[in-house]
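One structure below.
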Amino acid sequence: MSNLEDLYREIILDHYRSPRNRGELATPPAHRVEGFNPLCGDEVVVYLDVRDGVLADIKLTGHGCSISQSSSSLMSGAVKGKTIDEVNATIDSFKKLMTVHESALAKEEDHDDEVDLRRLGELAALQGVVKFPVRIKCATLAWNTLRQGLEELV
Amino acid sequence: MSNLEDLYREIILDHYRSPRNRGELATPPAHRVEGFNPLCGDEVVVYLDVRDGVLADIKLTGHGCSISQSSSSLMSGAVKGKTIDEVNATIDSFKKLMTVHESALAKEEDHDDEVDLRRLGELAALQGVVKFPVRIKCATLAWNTLRQGLEELV
Amino acid sequence: MTSFSARRVRADIPQLTRVVNGRTITYLDSGASSLQPRSVIDAMSRYYELRHANVHRGVYQTANEATEAYEGSRNAVARFINAPGGENEVVFTKNTTESFNLLAKSWGATNLKSGDVVLVSEMEHHANIVPWFQLRETTGIEVRFIPVGDDYRLDLSNLDELLKGVKLLSITGMSNVLGTRPPVKDLARAAHDVGALIAVDAAQMLAHGPTDVTELDVDFAAFSGHKMLGPTGIGVLWTREQVLDTMPPFLGGGGMIADVRTDGYTPAKGVSRFEAGTPPIAEAVGLHAAVRYLEGLGMENVAAHERTLTQDALTRLELTFDGRVRVIGPLNTIERGGVISLDVEGVHPHDVAQVLDQFGVCVRPGHHCAKPLMRRFGLAATARASFGPYSMTKDTDVLLEALEHALKMFG
Amino acid sequence: MTSFSARRVRADIPQLTRVVNGRTITYLDSGASSLQPRSVIDAMSRYYELRHANVHRGVYQTANEATEAYEGSRNAVARFINAPGGENEVVFTKNTTESFNLLAKSWGATNLKSGDVVLVSEMEHHANIVPWFQLRETTGIEVRFIPVGDDYRLDLSNLDELLKGVKLLSITGMSNVLGTRPPVKDLARAAHDVGALIAVDAAQMLAHGPTDVTELDVDFAAFSGHKMLGPTGIGVLWTREQVLDTMPPFLGGGGMIADVRTDGYTPAKGVSRFEAGTPPIAEAVGLHAAVRYLEGLGMENVAAHERTLTQDALTRLELTFDGRVRVIGPLNTIERGGVISLDVEGVHPHDVAQVLDQFGVCVRPGHHCAKPLMRRFGLAATARASFGPYSMTKDTDVLLEALEHALKMFG
Ligand SMILES: Cc1ncc(COP(=O)(O)O)c(C=O)c1O
Ligand SMILES: Cc1ncc(COP(=O)(O)O)c(C=O)c1O
């Protein structure tokens with residue numbers, strides 16, 4: 001069952017059990033954006049407080065599987081306090097990590113290097129997800145919602 | 001090719017080449033009714049002149065295959081001048097002939113007796129059609145149209 | 001009755017010998033789609049090998065054979081559900097969902113007007129909700145919901161009130177989430193008493209017990225081939241001939257017309273009016289084989305078998321997990337079938353299914369296309385195990401083993 | 001180019017070894033439906049044996065495999081027709097007819113208003129006529145017909161006039177009666193010049209030559225699996241992603257929603273918005289195998305092969321029957337494909353087909369779902385012979401022999 005342990009790393013289970021930045025922000029001033037995964041019913045609501053080009057605060061509510069919830073928790077930690085450009089760069093890196101397809105992984109093990117894992121920090125724990133293509137949507141739900149929220153703010 | 005000759009008896013080809021009672025009747029007093037076979041495009045138009053419970057005159061136009069055209073020609077001869085009750089009885093007999101399914105025919109050869117072939121006269125030439133189930137609709141088109149016309153007159 | 005053997009059924013299903021993650025498959029997802037016996041698969045292959053042709057318009061032999069095969073399937077389906085008007089009442093669609101759309105957009109659009117009520121229930125599949133919402137947008141009908149009680153059954157205490165203004169009651173014969181089987185026959189009487197018609201979503205019924213539309217006294221029934229051991233790509237809308245004759249066409253095209261001119265068209269009569277274009281011919285052949293297979297099993301036998309399996313599973317889930325695995329649905333087998341939705345403490349259904357997959361266990365996580373029901377119980381999703389005629393207690397054994405692991409892992 | 005061998009293709013088609021009325025089948029009805037190669041039949045059997053499951057909502061392995069197989073087919077179809085936006089533009093339907101209904105009832109109903117013109121042609125199949133008539137009933141659009149000239153080609157002399165007020169030009173890529181191939185690319189330019197979109201009925205194109213929607217510069221294309229060596233029960237509507245994104249849902253149900261509440265629903269994004277209910281999964285697998293098979297043949301090769309066959313048949317029909325068998329369609333192979341409609345002197349098409357059946361020859365009599373065209377030429381029906389990649393000159397030999405017999409019999 002090595003595969004399962006690739007997916008459910010300890011850090012993921014930890015963020016699932018104790019999600020960070022959980023809650024709501026008053027809107028306005030914050031911006032609220034919802035994401036659905038219609039296929040599995042996962043929902044995430046992201047509250048963004050952007051000031052002077054910086055994501056000053058972020059909170060999340062919603063529900064879903066360990067992957068979607070830990071991913072949103074990990075995301076919140078990774079983007080909070082960053083400039084919008086930095087946030088966008090992090091979204092890009094994460095989404096890149098998630099599109100490295102299983103077969104590609106299998107072929108060249110060091111393919112990962114294309115994505116700067118160090119820059120992703122804790123987020124790298126989610127890289128096992130790509131071996132379970134159907135779960136990629138869980139992992140990216142919060143990220144797509146965040147991106148949508150940022151676009152709505154422009 | 002015995003089957004083909006069962007279907008295309010000489011009398012059928014004759015009625016196909018020289019259809020009887022072809023033409024139109026003035027409406028009114030005659031009643032006009034149309035029949036389609038949507039599956040093959042066959043069309044038949046029946047003109048009925050019913051007086052005092054008798055089908056005083058009948059004419060037909062339309063186009064279609066040898067089976068539908070010979071059947072309508074044979075029909076016109078069989079019903080013209082008959083009382084409506086007789087016409088309905090003839091329609092019933094003919095439709096019965098056409099519903100004797102191929103497999104039934106194969107099982108009991110004398111099954112035919114159920115339909116009084118003598119009473120059908122020349123119409124009996126069409127009995128080979130039941131061995132070609134897809135052509136039954138051709139043979140019955142004019143008959144169903146005639147029945148519809150009679151019903152509309154009631 | 002004694003001739004039924006789930007072991008023999010299982011031996012007829014090629015996929016059940018498949019090994020996944022080192023374990024032979026434990027298929028508990030018949031609620032989503034059932035598996036096909038060899039005879040169904042072979043019937044379709046033989047059809048393509050020997051007698052494929054387009055139907056209805058050919059006179060050559062294979063075209064006749066294809067037409068007879070297609071129409072023969074219609075006849076078999078009519079017999080299987082005991083349709084009073086036989087094959088003249090069976091319309092082939094692509095799935096249950098299209099059947100409901102046909103019902104709403106043909107019968108509904110012409111028979112319902114602003115203010116008329118379509119009564120559904122909170123436990124309906126989206127297939128029996130969204131088409132009515134779509135119709136509401138265009139005609140202003142009201143879509144009303146029969147509530148579901150805390151006992152996971154329809155709350156019919158206010159039925160008289162609910163039925164006011166109702167022109168159609170459209171109700172599932174078995175919930176694909178709860179397993180609940182509403183009292184369709186009683187509801188048919190109640191609907192008819194107020195002059196309404198009743199449609200039954202039979203998608204979850206056909207493979208799991210006898211379905212007799214005459215006995216149930218319903219007016220419409222919708223179901224899918226792929227949930228009754230048959231192929232994908234085919235469904236059925238059954239309705240009484242008198243009702244069908246009043247329904248205008250839905251999809252337009254070849255086959256459904258009597259005539260087309262440059263200035264208009266005349267629809268065909270009968271079931272073909274609703275079957276535009278080349279129909280699912282091979283699929284009808286496969287469905288016929290499935291019907292024959294199910295008839296061979298005896299639907300009473302299948303119902304009894306699944307009842308036993310379900311009772312056993314419900315009991316053992318309770319005994320083994322002592323509340324940490326909650327069943328979302330009735331806990332006895334009175335008016336319920338073999339669909340068991342689970343809520344596993346601390347483990348999201350998605351994760352439950354993922355862990356179970358490692359044991360070769362196929363269960364389905366999600367909202368099961370019944371979001372209003374999920375909302376009713378404050379759930380986003382469940383992990384659903386569902387039985388078929390080929391299911392056995394050993395499937396439950398593996399399910400329990402795998403659930404244990406999931407609880408441990410996330411605990 | 002030299003690697004194509006019709007004999008080898010023929011050997012791949014199980015049905016072509018069948019004996020009917022003492023003769024090996026001569027299949028000349030590919031225009032109605034093509035025959036399936038072994039690889040297509042086997043792909044579907046293997047799917048049912050190994051990895052059938054409902055798609056999209058499962059996490060267990062066979063459900064993933066089924067989903068990948070289904071989506072993989074979408075991808076293959078997109079590549080086969082060179083869809084600019086890839087698989088995001090390929091909607092699976094049940095057949096060409098449903099594709100046109102989707103086009104009319106989703107795109108048409110929202111983009112067209114009273115007075116807007118949909119321009120079709122007199123040589124259209126009912127699938128590309130009736131849905132527009134239906135839309136006319138609800139929205140008051142005008143349905144206008146491009147006339148067909150005595151040369152059996154579109155009469156485009158008045159095109160500028162015809163295009164006035166046109167919002168959609170919807171035209172066949174090849175007539176299923178005449179064999180005529182309208183100049184789709186030129187028509188696309190003309191349509192776009194007046195700000196209209198263009199849809200192509202590609203049902204008769206896919207199996208007979210390259211179909212490149214990017215090169216043709218069309219906006220919609222509709223076709224069926226069963227006419228391209230694939231299974232029944234599946235069709236495609238292709239459209240540009242920008243257009244697709246603006247189209248509201250058509251059928252409502254599971255799979256096409258993002259959310260359903262008791263008070264309403266939110267449709268899903270992308271192609272799934274148009275795929276309500278369990279899709280034709282095995283059929284998609286079969287279609288994928290058919291695409292792979294056709295790619296292996298090389299569509300240029302197939303086109304060249306059918307062109308040679310058609311020219312040979314047209315020439316020999318003329319030489320052999322000296323006018324007693326009239327071809328209803330262009331007499332050369334310029335802008336025409338391998339569909340040959342026959343008018344046999346003194347023999348009704350139905351009877352032609354019946355006599356031919358005795359020789360094992362499969363041709364189709366009737367109006368071929370193109371009644372306006374039949375009326376245009378004062379015909380009720382034709383007997384139609386049509387080629388496929390597996391057709392050979394020996395098929396034409398038997399056709400001529402049998403036609404000779406029919407003429408003698410009715411002469
Ligand atoms: C040109 C054309 N368009 C549309 C169709 C309809 O295809 P289907 O019956 O698969 O919907 C056909 C086939 O009959 C056709 O030949
Ligand atoms: C109760 C019920 N109704 C309708 C459906 C829809 O069936 P299909 O997806 O075959 O259209 C399903 C299956 O998902 C179901 O379980």
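Here is how names work: the chains are called A, B, and so on, in the same order as the sequence lines, proteins then strands, and each is numbered from 1. Both backbone and side-chain heavy atoms feed into the values below; hydrogens, waters and symmetry mates do not.
- For chain C, the nearby part of D:Gln36 is the side chain; its heavy atoms alone come within less than 4.5 Å.
- Neither the backbone nor the side chain of C:Val120 comes within contact range of chain D; no heavy atom of the residue lies under 4.5 Å from a heavy atom of that chain.
- Looking at C:Leu251, the atoms closer than 4.5 Å to chain D (heavy atoms on both sides) sit in the backbone and in the side chain alike.
- Contact annotation for D:Glu124: neither backbone nor side-chain heavy atoms come within less than 4.5 Å of a heavy atom of chain C.
- Neither the backbone nor the side chain of D:Val352 comes within contact range of chain C; no heavy atom of the residue lies under 4.5 Å from a heavy atom of that chain.
- Contact tally against chain C (heavy-atom pairs below 4.5 Å) for D:Ile41, D:Thr262, D:Asn95: the top residue is D:Thr262.
- The two atoms that bring C:Thr232 and D:Ala282 nearest to each other are OG1-N, 3.2 Å, heavy atoms only.
- Between chain C and the residues D:Glu122, D:Arg136, D:Arg375, the most heavy-atom pairs under 4.5 angstrom are made by D:Arg375.
- The residues C:Arg18 and D:Glu65 are annotated as salt-bridged, a charged nitrogen and a carboxylate oxygen being separated by less than 4.0 angstrom.
- Per-residue heavy-atom pair counts under 4.5 Å with chain C were compared for D:Lys105, D:Lys94, D:His226, D:Glu283, and the maximum is reached by D:Glu283.
- Considering every non-hydrogen atom in both D:Thr67 and D:Val55, the closest pair reads OG1-CA, 3.5 Å.
- Heavy atoms closer than 4.5 Å to chain C are found nowhere in D:Ser224, neither backbone nor side chain.
- Across C:Arg273 and C:Pro267, no two heavy atoms sit closer than the pair CD-CB, 3.7 Å.
- Closest non-hydrogen pair, D:Gly252 versus C:Thr97, comes out as O-CG2, 3.2 Å.
- For a residue to count as touching a neighbouring chain, one of its non-hydrogen atoms must lie under 4.5 Å from one of that chain's; by this rule D:Met256 touches chain C with the side chain only.
- Contacts with chain C were tallied for D:Val20, D:Ile281, D:Leu50; D:Leu50 has the most, counting heavy-atom pairs under 4.5 Å.
- The contact between D:Ser34 and chain C is made entirely by backbone atoms, counting heavy-atom distances below 4.5 Å.
- The candidate from D:Pro279, D:Ala127, D:Ala53, D:Gly254 with the greatest count of non-hydrogen atom pairs under 4.5 Å with chain C is D:Gly254.
- Heavy-atom distances place the backbone of D:Asp263, and not its side chain, under 4.5 Å from chain C.
- Contacts between D:Val143 and chain C at a heavy-atom distance below 4.5 Å are absent for every atom of the residue.
- C:Ala284 approaches C:Ser73 most closely through the heavy-atom pair O-OG, 2.7 Å.
- If you measure heavy-atom distances from D:Phe145 to chain C, the contacts under 4.5 Å come from the side chain alone.
- Using a 4.5 Å cut-off between heavy atoms, D:Ile13 makes no contact with chain C at all.
- No donor-acceptor pair under 3.5 Å is formed between the side chain of C:Ser106 and the backbone N or O of C:Leu103.
- Ring geometry, D:Tyr27 versus C:Tyr60: the interplanar angle exceeds 60°, so the pair is classed perpendicular (tilted spans 30 to 60°).
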Legend entry - Candidate pair D:Leu399 and D:Thr26, rule side chain to side chain contact (heavy atoms under 4.5 Å, CB included), full reasoning: CA-CA 8 Å; D:Leu399 172 68; D:Thr26 294; 5.6 Å; no
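- Within the 4.5 angstrom heavy-atom criterion, atoms from both the backbone and the side chain of D:Phe250 approach chain C.
- Looking at D:Arg144, there are no atoms closer than 4.5 Å to chain C (heavy atoms on both sides), in backbone or side chain.
- A parallel orientation is assigned to the rings of D:Phe133 and C:Tyr265, their planes being inclined by less than 30° (bins at 30° and 60°).
- Contact tally against chain C (heavy-atom pairs below 4.5 Å) for D:Thr96, D:Thr62, D:Asp42: the top residue is D:Thr62.
- The nearest pair of heavy atoms linking D:Ala66 to D:Tyr47 is CB-OH, 3.9 Å.
- With rounding to the nearest 0.5 Å, the separation of CG in D:Asp351 from CG in D:Leu356 is 11.0 Å.
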Inset, instruction - Show the numbers, then the answer: is there a side chain to side chain contact (heavy atoms under 4.5 Å, CB included) between D:Thr266 and D:Arg261? - result: CA-CA 9 Å; D:Thr266 316; D:Arg261 301 162 306 278; 3.4 Å; yes
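- Both the backbone and the side chain of D:His52 come within contact range of chain C, with heavy atoms under 4.5 Å apart.
- D:Thr278 and D:Asn54 form a side-chain donor-acceptor contact under 3.5 Å, judged by distance and modelled atom types alone.
- Using a 4.5 Å cut-off between heavy atoms, C:Arg376 makes no contact with chain D at all.
- In this structure, chain C has no heavy atom under 4.5 Å from any part of D:Val40.
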